[in-house]
Amino acid sequence: MNDPIDLKFFFNFRSPYCYIASKTFLPAFEEFNIRLLWRPLGGWSGRSSPERAKVKVPLTRQDVRRITAKMGIPMNPPPITTDPTRAGAVSLLAAEQGLLNKWIVEVMRAEWAEGRDIGEEEVLLEVAGAIGLDAGETRAAWEDADKLKALDDNWAEAQELGLIGVPSVQIGDELFWGSDRLEYIVDHLTALRARRV
């Protein structure tokens with residue numbers, strides 16, 4: 001088998017389009033021999049500014065409601081004040097422990113299917129317990145200065161690449177932005193003969 005292909009995945013837990021990608025990108029990635037380079041973001045990184053968001057939210061919610069309805073998945077937006085930074089920091093711990101996909105799926109379910117605030121400790125600890133992450137390690141992760149810095153560094157890297165939002169993927173020199181770009185990511189990986197056999 002050929003060496004795995006590096007795939008960088010830029011993601012913000014507060015983005016409804018990342019919720020969609022959590023249901024589509026992750027299963028598709030399993031079909032390919034890739035090395036997933038996880039790039040979580042925190043706060044407003046990769047998202048519209050708070051001022052712009054005020055204008056976009058009504059349209060975005062209509063758009064995402066239509067997409068999720070077609071997919072047959074629930075859509076219940078969380079409180080507008082939800083901060084994704086802790087979830088992003090803990091995702092780095094989950095990646096270290098081989099639980100990244102479970103963390104992504106279950107956090108996004110709590111936030112976007114159930115409408116819960118993933119900035120709240122009790123919500124994240126509940127998800128952590130459900131997937132097998134230790135509560136103490138989870139708390140330590142969202143307070144870890146290095147993990148929080150990594151979130152900022154990831155956004156700096158995304159901007160250097162010319163990426164403007166999430167979800168985004170980099171494969172070599174190719175950049176893909178948006179939850180509706182999976183078809184092109186799959187086509188590119190297939191052209192690279194990266195499909196598992």
| query | Considering the options Glu122, Glu111, Glu126, which one meets the side-chain hydrogen bond (donor to acceptor under 3.5 Å, both in side chains) requirement together with Arg116? | reply | Glu126
| message | Just to verify, what does Ala135 make a side-chain contact (heavy atoms from CB on, under 4.5 Å) with, not counting sequence neighbours? | response | Leu125, Arg139
| message | Rounded to the nearest 0.5 Å, what separates atom CG in Leu189 from atom CD1 in Ile171? | response | 4.0 Å
| Side-chain donor/acceptor of Asp6 to backbone N/O of Leu37, under 3.5 Å | no
| query | According to the ring-ring contact (aromatic ring centres under 6.0 Å, His included) rule, which pairs have a member within residues 178-197, sequence neighbours left out? | reply | Phe176-His188
| Just by distance, do the side chain of Asn76 and the backbone of Ala113 share a donor-acceptor pair under 3.5 Å? | yes
May I have the list of side-chain donor-acceptor pairs in residues 86-93 shorter than 3.5 Å, sequence neighbours left out?
| unit_1 | atom_1 | unit_2 | atom_2 | d |
| --- | --- | --- | --- | --- |
| Arg86 | NH1 | Gly119 | O | 2.9 |
| Ser91 | OG | Trp38 | NE1 | 2.8 |
| Ser91 | OG | Gly88 | O | 2.5 |

| task | Would you please name every residue forming a salt bridge (charged side-chain N to carboxylate O under 4.0 Å, His left out) with Glu143, sequence neighbours left out? | result | none
| query | When you measure from the side chain of Arg39 to the backbone N and O of Phe9, does any donor-acceptor pair fall under 3.5 Å? | reply | no
| Can you name the residues that form a side-chain contact (heavy atoms from CB on, under 4.5 Å) with Ala140, not counting sequence neighbours? | none
| said: Within this structure, what is the CZ-CZ distance for the pair Arg61 and Arg65, rounded to the nearest 0.5 Å? | reply: 11.5 Å
| query | For the side-chain hydrogen bond (donor to acceptor under 3.5 Å, both in side chains) test, which of Asp153, Asp152, Asp146 pairs with Lys149? | reply | Asp153
Expected list for residues 159-168: side-chain donor-acceptor pairs under 3.5 angstrom, two or more places apart:
| unit_1 | atom_1 | unit_2 | atom_2 | d |
| --- | --- | --- | --- | --- |
| Gln159 | OE1 | Trp155 | NE1 | 3.4 |
| Ser168 | OG | Gly165 | O | 2.6 |

| field | Same apolar cluster (I L V M F W Y, side chains within < 4.5 Å links), Phe11/Val127 | value | yes
| query | How many angstroms lie between atom CD1 of Ile34 and atom CG of Leu192, to the nearest 0.5 angstrom? | reply | 11.5 Å
| query | Hey, does Trp112 have a side-chain heavy atom less than 4.5 Å from the side chain of Val64? | reply | no
| Tell me, which pairs form a salt bridge (charged side-chain N to carboxylate O under 4.0 Å, His left out) where one or both residues lie in residues 161-188, sequence neighbours left out? | none
| query | Quick check: does any side chain N or O of Asn154 sit under 3.5 Å from a backbone N or O of Pro40, one acting as donor and the other as acceptor? | reply | yes
| For Lys23, which residues count as a salt bridge (charged side-chain N to carboxylate O under 4.0 Å, His left out) partner, sequence neighbours excluded? | none
| message | Test of understanding: clusters of I, L, V, M, F, W, Y form through side-chain heavy atoms closer than 4.5 Å, transitively. Do Phe32 and Phe10 belong to the same one? | response | no
| task | For Arg195, look at atom CZ and say whether over 12 heavy atoms of other residues, nucleotides or ligands are found less than 6.0 Å away. | result | yes
| According to the salt bridge (charged side-chain N to carboxylate O under 4.0 Å, His left out) rule, which pairs have a member within residues 8-19, sequence neighbours left out? | Lys8-Glu157
| request: Could you give me the CA-CA distance, side-chain angles and deciding distance for Met71 and Thr24, then say whether side chain to side chain contact (heavy atoms under 4.5 Å, CB included) is met? | output: CA-CA 10 Å; Met71 294 172 67; Thr24 56; 3.7 Å; yes
| task | Decide whether Phe13 and Trp44 are clustered together by the hydrophobic rule: side chain heavy atoms of Ile, Leu, Val, Met, Phe, Trp, Tyr closer than 4.5 Å, transitively. | result | no
| Interatomic distance, Asn33 atom CG to Leu7 atom CG [nearest 0.5 angstrom] | 11.5 Å
| field | Partners meeting salt bridge (charged side-chain N to carboxylate O under 4.0 Å, His left out) with Glu137 (sequence neighbours left out) | value | none
| Distance from Leu99 atom CG to Ile104 atom CD1, nearest 0.5 Å? | 11.0 Å
| request: Could you tell me whether the side chain of Thr82 and the main chain of Ile118 form a donor-acceptor pair under 3.5 Å? | output: no
| message | Restricting to non-hydrogen atoms, name the atom on Arg35 and the atom on Pro4 that form the minimum distance, rounded to 0.1 Å. | response | NH2-CG, 3.4 Å
Enumerate, atom names and distances included, each donor-acceptor pair closer than 3.5 Å involving a side-chain atom of residues 15-22, sequence neighbours excluded.
| unit_1 | atom_1 | unit_2 | atom_2 | d |
| --- | --- | --- | --- | --- |
| Ser15 | OG | Tyr17 | N | 3.2 |
| Ser15 | OG | Cys18 | N | 3.2 |
| Tyr17 | OH | Asp63 | OD2 | 2.5 |
| Tyr19 | OH | Pro74 | O | 2.6 |
| Ser22 | OG | Tyr19 | O | 2.6 |

| said: I'd like to know if the side chain of Asn12 reaches the main chain of Pro84, judged simply by a donor and an acceptor atom lying under 3.5 Å from each other, with no hydrogens or angles considered. | reply: no
| field | All salt bridge (charged side-chain N to carboxylate O under 4.0 Å, His left out) counterparts of Asp117, not counting sequence neighbours | value | none
| task | To the nearest 0.5 angstrom, please state how far the CG atom of Leu36 sits from the CG atom of Leu26. | result | 7.5 Å
| request: Search all heavy atoms of Ala28 against all heavy atoms of Leu182 and return the closest pair with its distance. | output: CB-CD1, 3.7 Å
